[in-house]
Amino acid sequence: MGIFKIEGGIPLKGEITPQGAKNEALQILCAVLLTGEKVRINNIPDIIDINKLITLLGNLGVKIQRNEPGSITFQADEVNVGYLETEAFKKEGGALRGSIMIVGPLLARFGRGYIPKPGGDKIGRRRLDTHFEGFINLGAKFRYNREDHFYGVESPEGGLTGTDMLLDEASVTGTANIVMAAVLAKGVTTVYNAACEPYLQQLCKMLNSMGAKITGVGSNLLTIEGVESLGGCEHRILPDMIEIGSWIGLAAMTKSEITIKNVSWENLGLIPNTFRKLGITIEKRGDDIYIPAHTNGYEVKTDIDGSILTIADAPWPGFTPDLLSIVLVVATQAKGDVLIHQKMFESRLFFVDKLIDMGAKIMLCDPHRAVVMGHNFESQLKATTMSSPDIRAGISLLIAALSAKGTSTIQNIEQIDRGYERIDERLRAIGAKIVRA
Ligand SMILES: CC(=O)N[C@H]1[C@@H](OP(=O)(O)OP(=O)(O)OC[C@H]2O[C@@H](n3ccc(=O)[nH]c3=O)[C@H](O)[C@@H]2O)O[C@H](CO)[C@@H](O)[C@@H]1O
Ligand SMILES: C=C(OP(=O)(O)O)C(=O)O
């Protein structure tokens with residue numbers, strides 16, 4: 001397992017360009033299975049999770065032609081669905097969360113889709129019921145083998161049939177999976193309580209460019225008129241909003257002047273304003289974000305009635321749960337107190353122990369809530385050795401280490417590499433002292 005050694009307490013300066021979005025790329029790559037024609041995807045991040053999914057597609061028989069860096073042309077004209085029943089697939093398919101989204105396209109186009117319990121972050125219960133209830137609503141037969149946690153769906157004779165459905169929760173990957181199954185079903189499907197984050201909108205736009213008929217894109221009511229088949233397309237992945245939020249937090253906490261390039265402002269939702277509530281200055285400069293050096297710190301804004309600021313996650317257009325760990329770490333050096341409420345996942349806040357070891361003032365109220373009492377930089381965090389439990393806790397600890405005085409070590413950095421491309425190299429380019437060992 002790799003480690004990062006970080007010498008903290010040094011302000012950074014310069015420009016950083018966000019990578020293509022991991023969570024969009026996972027949806028988009030699965031969608032290439034829906035057609036036998038060529039699909040060219042641009043701005044694909046070079047990160048562990050995405051590379052694992054590309055390998056999986058290759059093992060399923062999808063042709064992969066690498067163009068310039070970040071651009072790949074896929075062609076799923078000779079898919080080997082039999083691979084789903086191999087031991088190799090049982091291992092490979094469970095290695096990441098995003099692989100669950102191969103099931104919808106395979107079911108729609110080849111009549112069956114199987115998946116072992118998918119991996120991804122161990123951040124609490126991660127159910128798949130929404131996905132499979134959706135497929136069942138479209139007429140699929142479902143089976144689950146409890147012994148090896150293997151899920152399977154098969155379409156009835158004559159294929160899937162569109163229907164009206166109300167999802168039990170606005171699951172992101174669940175909505176993507178159901179939409180990818182419904183585009184090739186007979187008749188009309190409506191999906192209410194659909195997730196509607198920008199990455200799902202991107203998926204729907206891509207599918208429409210392949211010939212699908214989806215309306216309501218961007219809302220929580222999608223209407224999908226099934227079509228016979230889909231064709232090829234070219235698609236560009238948006239910048240990663242979670243990476244953008246990570247760089248905002250990094251800039252504030254290390255008192256650095258940073259420009260984040262080409263962020264696609266219209267797709268950032270509440271992210272900029274949520275960081276502004278912590279007192280961080282965020283300037284819109286064209287499509288860039290400019291963050292001045294917060295030499296005198298940043299002060300938390302209370303609510304209008306003076307009550308303590310609460311930052312909580314919610315399905316889009318609410319604030320994404322993937323940035324709460326970063327907000328939390330940034331709050332440790334703010335002037336003022338913040339209640340962080342992680343509503344979706346029950347094991348995502350436990351990493352605060354490590355921040356407490358570094359000298360942060362945090363009270364973990366229960367698995368979902370933590371009160372952070374900011375130091376206002378009056379007491380710098382102390383360098384330490386820590387291990388990254390999940391991707392976003394990992395980047396939060398990295399930000400803490402870059403702000404702390406002295407040399408810190410972060411272990412288990414594969415968790416960070418899962419979602420952040422060449423992070424050490426890119427941080428060194430703006431002056432960070434970080435080495436991979
Ligand atoms: C590969 C990928 O795209 N992963 C993202 C995706 O995961 P993923 O699609 O797995 O997450 P889901 O949207 O299914 O839900 C995540 C968790 O939130 C809970 N939940 C969900 C919806 C809801 O309305 N209420 C609710 O409480 C679920 O019970 C579940 O425990 O979306 C999550 C929520 O934005 C993000 O954290 C993940 O980074
Ligand atoms: C939780 C995340 O990823 P995954 O769903 O792939 O585990 C994340 O990106 O923060």
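Nothing here was measured: the structure is a model prediction, and the numbers come from that model. Order of listing sets the numbers, starting from 1, for every ligand and every atom in it.
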Which atoms from ligand 1 have a heavy atom of [X] less than 4.0 Å away?
X	value
Pro315	23 (C), 24 (O)
Phe345	16 (C), 17 (C), 37 (O)
Asn23	1 (C), 2 (C), 3 (O), 4 (N), 5 (C), 38 (C), 39 (O)
Asp322	36 (C), 37 (O), 38 (C), 39 (O)

Give me the residue, atom name and distance of the protein heavy atom closest to [atom].
atom	result
atom 22 (C) of ligand 1	Ala170 O, 3.7 Å
atom 31 (O) of ligand 1	Arg125 O, 3.2 Å
atom 25 (N) of ligand 1	Glu169 OE1, 4.1 Å

- request: Please report the C-alpha distance between Arg418 and Ile47 in whole Å, then the side-chain angles of each, then the deciding distance to 0.1 Å, and finally whether the side-chain contact (heavy atoms from CB on, under 4.5 Å) criterion is met.
  value: CA-CA 6 Å; Arg418 202 159 86 63; Ile47 52 180; over 6 Å; no
- request: Would you mind telling me if ligand 2 is within reach of the side chain of Asn23, the backbone, both or neither, using heavy atoms under 4.0 Å?
  value: side chain
query: Under 3.5 Å, N or O to N or O, is Arg348 touching ligand 2 that way?
result: yes
task: Give a yes or no on whether a salt bridge exists between Asp148 and Lys90, defined as a side-chain N under 4.0 angstrom from a carboxylate O.
output: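 Lys90 and Asp148: salt-bridged.
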Heavy atom of [X] under 4.0 Å from ligand 1?
X	value
Pro321	yes
Ala195	no
Leu26	yes

field: ligand 2 atoms in contact with Arg392 (distance to a heavy atom under 4.0 Å)
entry: 8 (C), 9 (O), 10 (O)
field: Ile391: numbered ligand 2 atoms lying under 4.0 Å from its heavy atoms
entry: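 Going through ligand 2 atom by atom, the ones under 4.0 Å from Ile391 are 8 (C), 10 (O).
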Is there a polar contact between ligand 1 and [X], counting only N or O atoms under 3.5 Å apart?
X	value
Thr173	yes
Arg97	yes
Arg127	no
Val172	yes

Could you check whether any side-chain heavy atom of [X] comes within less than 4.5 Å of a side-chain heavy atom of [Y], counting everything from C-beta outward?
X	Y	value
Glu37	Phe74	no
Ile224	Val179	yes
Leu53	Cys30	yes
Lys284	Leu268	no

query: atom 15 (O) of ligand 1: protein heavy atom closer than 4.0 Å?
result: no
- prompt: Evaluating non-hydrogen atoms only, which member of Met344, Arg392, Glu197, Glu24 is closest to atom 27 (O) of ligand 1?
  reply: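 Going through Met344, Arg392, Glu197, Glu24 one by one, Met344 has the nearest heavy atom to atom 27 (O) of ligand 1.
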Nearest option to atom 3 (O) of ligand 2, as decided by whichever heavy atom of Arg126, Lys22, Arg97 sits closest: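 Of the listed residues, Lys22 has the closest heavy atom.
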Drop me the distance from [X]'s [atom1] to [Y]'s [atom2], to the nearest 0.5 angstrom.
X	Y	atom1	atom2	result
Leu278	Gln333	CG	CD	12.5 Å
Leu107	Leu160	CG	CG	4.5 Å
Arg428	Arg436	CZ	CZ	8.5 Å

query: Would you call the rings of Tyr144 and Phe142 parallel, tilted or perpendicular, where under 30° means parallel and over 60° means perpendicular?
result: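 Rings of Tyr144 and Phe142: parallel, as their planes differ by under 30°.
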- prompt: Just checking, Lys117 and Phe150: is the charged tip under 6.0 Å from the six-membered ring centre and within 45° of the axis?
  reply: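 Judged by the rule, Lys117 and Phe150 form no cation-pi pair.
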- request: Please confirm whether the backbone N or O of Gly113 pairs with a side-chain atom of Tyr151, one donor and one acceptor, at under 3.5 Å?
  value: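 No, the answer is negative, given that no donor and acceptor are paired below the 3.5 Å cut-off.
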- prompt: Is there a donor-acceptor contact under 3.5 Å from the side chain of Thr223 to the main chain of Thr190?
  reply: no
message: For a side-chain contact (heavy atoms from CB on, under 4.5 Å) check, start with the C-alpha distance between Thr281 and Ile291, then their side-chain angles and the critical distance, and finish with the verdict.
response: CA-CA 6 Å; Thr281 302; Ile291 306 183; 6.0 Å; no
message: With a heavy-atom distance limit of 4.0 Å, tell me whether Arg126 approaches ligand 1 through its side chain, its backbone, both, or neither.
response: side chain
- request: Using a 4.0 Å heavy-atom threshold (strictly under), name the region of Ser171 that reaches ligand 1: side chain, backbone, both or neither.
  value: both
